[in-house]
Amino acid sequence: MLRAGSPSPNSFTVAFALKACATVPALGEGRQLHSQAFRQGLEPSPYVQTGLLNLYARCEEVALAKSVFDGMAEDRNLVAWSSMIGGYSRVGMVNEALDLFRDMQAAGVNPDEVTMVSVISACAKAGALDLGRSVHAFIDRKGITVDLELSTALIDMYAKCGLIERARLVFDAMVERDTKAWSAMIVGLAMHGLAEDALAIFSRMLQLKIRPNNVTFIGVLSACAHNGLVDDGQRYWSTMQEMGIKASMENYGCMVDLLCRSGLLDEAYSFVTIIWRNLLVASKSSNRTDIVGLASKKLFELEPQNPENYVLLSNLYALNSQWDRVRYMRKKMKDNNVTVVAGCSSIEINSYLHKFVVSDGSHPEIKEIRVVLREIADRVLRSGHKPWTAAVLHDVGEEEKEIALCEHSERLAIAYGLLKTKAPHVIRVVKNLRFCPDCHEVSKIISKSYGREIIVRDRVRFHRFIGGSCSCKDFW
DNA sequence: ATAGGGTTAG
């Protein structure tokens, strides 16, 4: 159209083209459209504005989205607010999303079900149960329609926040369910180790002729993996092929996991050679140094710049007290100019999320937090644990321990929780860092010495520690 | 004829 020279695009044309870019998403093309719109003088149109805002929000360019949003000043309507909140939610900037949600109400704009999807999904990402519950109450109070998408977001939120029963209630109340809704429920149940329920739901889904997709099978296969159902898992894998559903990288990963957990390491190895990293994770506790060596070699050949590989292998060595190798990994990272984005733990107190990263001294109450860490260490020592375990809980001088273990984000978050919350007795910590070998052991010990329940959620599922007993099915 | 939303292993 531009090449033909006529007709000239108008605000409709640009808005539609922007939507296309947002859907792909295609940031480069979108930016060209932005300048095109500017040259054509179409930028002031509210539809072009929200088109641009949404383009940047969907491309996870929150700074750009925010600048468009700020430029809209008086023209901010429901769509603009929702799109911006969705942008923050998408990149995990939960507090920003929720602040904006409050600003929106203060500005007198009433949220609708689309807005609430982003808000609920922000709570899900954060594992913020109290917030999520109060937002759900808000939805009911305002009479906002809980439609298909919002129900799915609620299922996901309750599942990720640990209330699988509530997730189930939302699912059961739905009048219409599509593939994503079923998948959210199945993945949620799998995450909680409820394989039987997950598989029952899946077979109901098939009976109702709802077509599953690869995400559904992630739930199904991980449910099998968590519960040692190798044969079932392999059967579902065939089902997936028979249904013509193309396996994603994650699906392959589930299979490797499934086989490794049942001790079938050699089968996993030959199952698919491209999933070297999964193999590396799974061979952590297998003493198969041959597989560890080969997989890490392959990994570094394939992805020399991916910090996860270095962290994973470093933690693996730390777990086996091979400190010279840990040091070597650090050096190798430095030499290859690889930097790690620190893992983050967060804890929700009075509807606000406090985030911690490893060795982070920037928290305003860090002094008090360190006091609690020391107090925890004392208690742990008194309750008969090895000095080493206690040393893990607060800063240690010895280089080796320091490398692997000092002031983990999770411990900082737990200490802060103990500092700020007397009741209820449950501490919920959300953790992003993967491949962390010692966290769950330590959480269990802290839980026992304080007689308080600590729930740690990582990307995998919940680990519940109650006074020393552990309901986690395959506690490492 | 125009805008915003949900599920993804370890």
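Any value given below was found using the heavy atoms of this structure, including those in side chains, with hydrogens, waters and symmetry copies removed. Residue numbers begin at 1 in each chain, while the letters A, B, ... track the order of the sequences.
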Engineer: The side chain of A/Glu113 lies closest to which of these nucleotides: B/dT8, B/dG5, B/dG10?
Structural biologist: B/dG5
Engineer: Using atom CZ of A/Phe69 as one end and atom P of B/dG4 as the other, report the distance to the nearest whole Å.
Structural biologist: 16 Å
Engineer: For B/dA3, does the base pair up with any side-chain atom of A/Asn77 as donor and acceptor (N or O, under 3.5 Å, distance only)?
Structural biologist: yes
Engineer: Taking only side-chain N and O atoms of A/Arg58, does any of them lie within less than 4.0 angstrom of OP1 or OP2 on B/dG4?
Structural biologist: no
Engineer: Taking 4.0 Å as the cut-off, does a side-chain nitrogen or oxygen of A/Arg90 come that near to OP1 or OP2 on B/dG5?
Structural biologist: yes
Engineer: Using only side-chain N and O atoms of A/Lys180, determine if any of them is under 4.0 Å from OP1 or OP2 of B/dG5.
Structural biologist: no
Engineer: Using only heavy-atom distances, decide whether a donor-acceptor pair under 3.5 angstrom links the side-chain of A/Ser82 to the base of B/dG4.
Structural biologist: yes
Engineer: Mind running a 4.0 Å heavy-atom check of residues 208-219 of chain A against DNA chain B and sending the residues that fall below it, in number order?
Structural biologist: A/Asn213, A/Val215, A/Ile218
Engineer: In whole angstrom, give the distance that lies between atom CG of A/Asp147 and atom P of B/dG5.
Structural biologist: 13 Å
Engineer: Do we see a donor-acceptor contact under 3.5 Å between the side chains of A/Asp70 and A/Ser67?
Structural biologist: no
Engineer: Would you call the rings of A/His34 and A/Tyr56 parallel, tilted or perpendicular if under 30° counts as parallel and over 60° as perpendicular?
Structural biologist: tilted
Engineer: Rounded to whole angstrom units, what separation is found between the CG atom of A/Leu55 and the P atom of B/dG5?
Structural biologist: 12 Å
Engineer: I'd like to check the side-chain hydrogen bond (donor to acceptor under 3.5 Å, both in side chains) partners of A/Asp130; sequence neighbours left out, ordered by chain and number.
Structural biologist: none
Engineer: Base, sugar-phosphate, or nothing: which does A/Leu53 touch, judged by heavy atoms less than 4.0 Å apart?
Structural biologist: nothing
Engineer: Tell me which nucleotide among B/dA3, B/dG10, B/dG4 gets nearest to the side chain of A/Thr115.
Structural biologist: B/dG4
Engineer: Rounding to an integer number of Å, can you tell me how far A/Ile186 CD1 sits from B/dG6 P?
Structural biologist: 19 Å
Engineer: What is the distance, rounded to the nearest whole Å, between atom NZ of A/Lys19 and atom C1' of B/dA1?
Structural biologist: 13 Å
Engineer: Can you tell me if A/Gln32 and A/Gln36 form a side-chain donor-acceptor pair at under 3.5 Å?
Structural biologist: no
Engineer: Please give, in whole Å, the distance from B/dA9 P to A/Leu229 CG?
Structural biologist: 18 Å
Engineer: Verify the distance criterion only: is there a donor paired with an acceptor across the side chains of A/Asp99 and A/Tyr88 at less than 3.5 Å?
Structural biologist: no
Engineer: Could you check which of B/dG5, B/dG10, B/dG4 has an atom nearest any side-chain atom of A/Leu78?
Structural biologist: B/dG4
Engineer: Using a 4.0 Å heavy-atom cut-off, does A/Ser45 contact any base of the nucleic acid, only the sugar-phosphate backbone, or nothing at all?
Structural biologist: nothing
Engineer: Is the distance between the ring centroids of A/Tyr310 and A/Phe300 less than 6.0 Å?
Structural biologist: yes
Engineer: By centroid distance (under 5.5 Å) and plane angle (under 30°), are A/Phe12 and B/dA1 in a stacked arrangement?
Structural biologist: yes
Engineer: Ignoring backbone atoms, test whether A/Lys125 places a side-chain nitrogen or oxygen under 4.0 Å from the OP1 or OP2 oxygen of B/dG6.
Structural biologist: no
Engineer: Counting the atoms with a prime plus P, OP1 and OP2 as sugar-phosphate, which does A/Ala181 contact under 4.0 Å by heavy atoms, base, sugar-phosphate, or nothing?
Structural biologist: base
Engineer: Go through the N and O atoms of the side chain of A/Ser222 and the base of B/dA9, and report whether any donor-acceptor pair is under 3.5 Å.
Structural biologist: no
Engineer: If I take atom CG in residue A/Leu52 and atom P in nucleotide B/dT2, what distance separates them, rounded to the nearest angstrom?
Structural biologist: 18 Å
Engineer: Using atom OH of A/Tyr47 as one end and atom P of B/dG4 as the other, report the distance to the nearest whole Å.
Structural biologist: 11 Å
Engineer: So does A/Gln241 have more than 12 non-hydrogen atoms from other groups sitting under 6.0 Å from CD?
Structural biologist: yes
Engineer: Does anything in residues 163-186 of chain A pair up under ring-ring contact (aromatic ring centres under 6.0 Å, His included), and if so which pairs, sequence neighbours excluded?
Structural biologist: A/Phe171-A/Trp182
Engineer: Ignoring hydrogens and geometry beyond distance, is the side chain of A/Glu149 in donor-acceptor contact with the base of B/dG5 at under 3.5 Å?
Structural biologist: yes
